[in-house]
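Nothing here was measured: the structure is a model prediction, and the numbers come from that model. Each residue takes its place number in the sequence, starting with 1.
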Amino acid sequence: MVSVQAKVRMALLRASGQKRFYDNASALHHRLPRHQKPSMARPPRRIRRRVDVERHDVRGFPCFTFRPRDGQTRDPHVFHLHGGGYVEQVEKHHWQYAADLVARLGCAVTLPVYPLVPHHDHTATIPMVQAAYDEITAERVVVSGDSAGGALALAIAQNLRTAGRPQPERLVLYSPWLDVLLEDPVSELLDETDPMLGIAGLREAGRMYAEGTDPRDPLVSPIHADLTGLAPITLFIGTRDVLLPDARRFAARAGEAGIELDYREYPGMFHNWLMQAIPEGREAMNHVERLLRRRPVTARS
């Protein structure tokens, strides 16, 4: 059963006009400025009151690390890549997610404010987040990502494998955007019930992000990636999300590749519901907390 709170949240999303941003290419370009305000690229004051915040720049872009205010930081270090179709700046719920993880686990959380399209594309975004990841020296590192950030998390994992370097302890993917082309026809059907995302606008954002390369490049669309040797994966997806078909296909391919997969499909849930103050969001985040508290047999060295 879908909770009353979730139903209300979906109604509010529809009323807010969020989906209209992804209606088509023209709507996306017209509304871009309000989704890329410079003020969004720093933690809100209420978040800064809850956690210690450190900022440094990576390749000219800010990168923020949150830690407990008591100075007692525990493992793992969570490296989170925010979503937003590569066109939207960090939003309040991303900062809230990072602060909530610090409160739950006493851990450090790093969130890079990576380059966005149309001013940049994958040739700037992937190297920046890789460089930010490479600066983390903690023994235990978990990489999480929502939506487009999920694809970036998988790009980092692929780069590490190519370089012969250790994988993170785990990849945690929230409603990941795995195919910038959104080629699965079932996504078109889900477009009618998804209260947040639209196929046409996402494809335009994906086109700009992939500019200069094949949009089926595994680093851009990890649905096409060789998944052999990647870190254990936890993947959350809702059945009202246009990204659902690719998540299911990715889960099947991960199983074929021998990846340790924790696949969580929530009936009736919308895109990235985990970062919303609804019972289903709290349930999912409780699972994430249990996962991250569990020390694995082997950790990154």
Side-chain angles (χ1 to χ4, degrees), residues 18-38 40-41 57-63 81-91 94 111-134 143 145-160 162-163 173 175-185 187-188 191 196-226 242-243 245-247 249-250 271-272:
Q18 167 69 22
K19 189 176 176 75
R20 289 197 295 274
F21 178 59
Y22 290 105
D23 268 350
N24 52 57
S26 296
L28 185 138
H29 285 281
H30 177 70
R31 295 168 180 262
L32 266 180
R34 72 185 70 177
H35 291 265
Q36 296 187 353
K37 294 177 182 177
M40 299 170 70
D57 286 354
V58 176
R59 297 193 171 207
F61 292 87
C63 192
L81 296 150
H82 74 87
Y86 306 110
V87 295
E88 296 188 72
Q89 195 49 273
V90 190
E91 297 193 68
H94 296 120
L111 201 157
V113 182
Y114 56 76
L116 300 175
V117 299
H119 305 294
H120 306 276
D121 58 33
H122 68 285
T123 61
T125 302
I126 293 175
M128 184 271 170
V129 299
Q130 184 70 57
Y133 174 86
D134 291 345
V143 179
D146 65 280
S147 195
L152 288 172
L154 288 163
I156 287 174
Q158 291 177 75
N159 284 339
L160 293 173
T162 298
L173 312 178
S175 304
W177 186 16
L178 301 168
D179 178 11
V180 296
L181 293 174
L182 288 158
E183 292 184 295
D184 195 306
S187 291
E188 297 275 3
D191 199 354
M196 282 190 68
L197 301 179
I199 297 289
L202 279 175
R203 284 174 174 162
E204 172 65 5
R207 180 194 66 76
M208 293 187 289
Y209 177 68
E211 189 166 345
T213 194
D214 183 349
R216 296 179 180 84
D217 184 314
L219 292 178
V220 172
S221 292
I223 193 69
H224 302 292
D226 172 10
V242 296
L243 307 181
D246 291 325
R249 187 150 54 106
F250 181 88
H271 187 69
N272 206 21

**Report entry** Side-chain heavy-atom pair Ile156, Gln130 within 4.5 angstrom cut-off
**Finding:** yes
Query raised in the report: Which pair of non-hydrogen atoms, one from Arg203 and one from Leu181, has the smallest distance, and what is that distance?
Result: NE-O, 3.0 Å
**Report entry** Close side-chain approach of Met208 and Val87, heavy atoms under 4.5 Å
**Finding:** yes
Report task. Measure across Pro62 and Asp57 and return the closest heavy-atom pair with its distance rounded to 0.1 Å. Result -> CA-OD1, 3.5 Å
Requested in this report: Report yes or no: does Ser175 contribute a side-chain atom to a donor-acceptor pair with the main-chain N or O of Asp146 at less than 3.5 Å?
Outcome: no
Query raised in the report: For Glu91, does the CD atom sit with more than 12 other heavy atoms under 6.0 Å from it, leaving out its own atoms?
Result: yes
**Report entry** Rounded distance (nearest 0.5 Å) linking atom CG of Asp121 with atom CD of Glu211
**Finding:** 6.0 Å
**Report entry** Closest approach of Ala225 to Pro218 (non-hydrogen atoms, all atoms of both residues)
**Finding:** CA-CB, 3.6 Å
Query raised in the report: Among Glu88, Gln18, Gln89, which one satisfies side-chain hydrogen bond (donor to acceptor under 3.5 Å, both in side chains) with His35?
Result: Glu88
Query raised in the report: Does the side chain of Thr213 reach to within under 4.5 Å of the side chain of Leu219, using non-hydrogen atoms?
Result: no
Query - salt_bridge(Arg20, Asp23) N-O dist < 4.0 Å - result: no
Query raised in the report: Aromatic ring centroids of Phe61 and His120 under 6.0 Å?
Result: yes
Requested in this report: Measure from the side-chain N and O atoms of Gln36 to the backbone N and O of Val117, and report whether any donor-acceptor pair falls under 3.5 Å.
Outcome: yes
Report task. Carefully, step by step, assess Phe21 and Leu32 under the rule side chain to side chain contact (heavy atoms under 4.5 Å, CB included). Result -> CA-CA 8 Å; Phe21 178 59; Leu32 266 180; 4.0 Å; yes
Requested in this report: Could you tell me whether the side chain of Asp184 reaches within less than 4.5 Å of the side chain of Asp179, counting heavy atoms only?
Outcome: no
Query raised in the report: Under 30°, 30 to 60°, or over 60°: which ring-plane class applies to His122 and Tyr209, parallel, tilted or perpendicular?
Result: perpendicular
Query raised in the report: What heavy-atom pair brings Ile223 and Phe250 nearest, and what distance separates the two atoms?
Result: CD1-N, 3.7 Å
Query raised in the report: When rounded to the nearest 0.5 angstrom, what distance separates CG in Asp246 from CD in Glu183?
Result: 8.5 Å
Query raised in the report: Do you know which two heavy atoms are closest between Pro215 and Ser221, and how far apart they sit?
Result: O-OG, 2.6 Å
Query raised in the report: Would you call Leu173 and Leu154 a side-chain contact if the rule is heavy atoms closer than 4.5 Å?
Result: yes
**Report entry** Val129 to Pro112 - nearest heavy-atom pair and separation
**Finding:** CG1-CG, 4.4 Å
Query - Ser147 side-chain N/O to Trp177 backbone N/O, donor-acceptor pair under 3.5 Å - result: no
Report summary line: Value for NE2 (His82) from CG (Asn272), rounded to nearest 0.5 Å, stands at 12.0 Å
Query raised in the report: Looking at Ile199, Leu28, Asp191, which one forms a side-chain contact (heavy atoms from CB on, under 4.5 Å) with Tyr22?
Result: Leu28
Query raised in the report: If we only count heavy atoms from C-beta on, is the Leu182 to Leu243 side-chain gap below 4.5 Å?
Result: yes
Query raised in the report: How many angstroms lie between atom CZ of Arg216 and atom NE2 of His224, to the nearest 0.5 angstrom?
Result: 6.0 Å
Query raised in the report: Salt bridge check: are Arg31 and Glu204 linked by an N-O gap of less than 4.0 Å?
Result: no
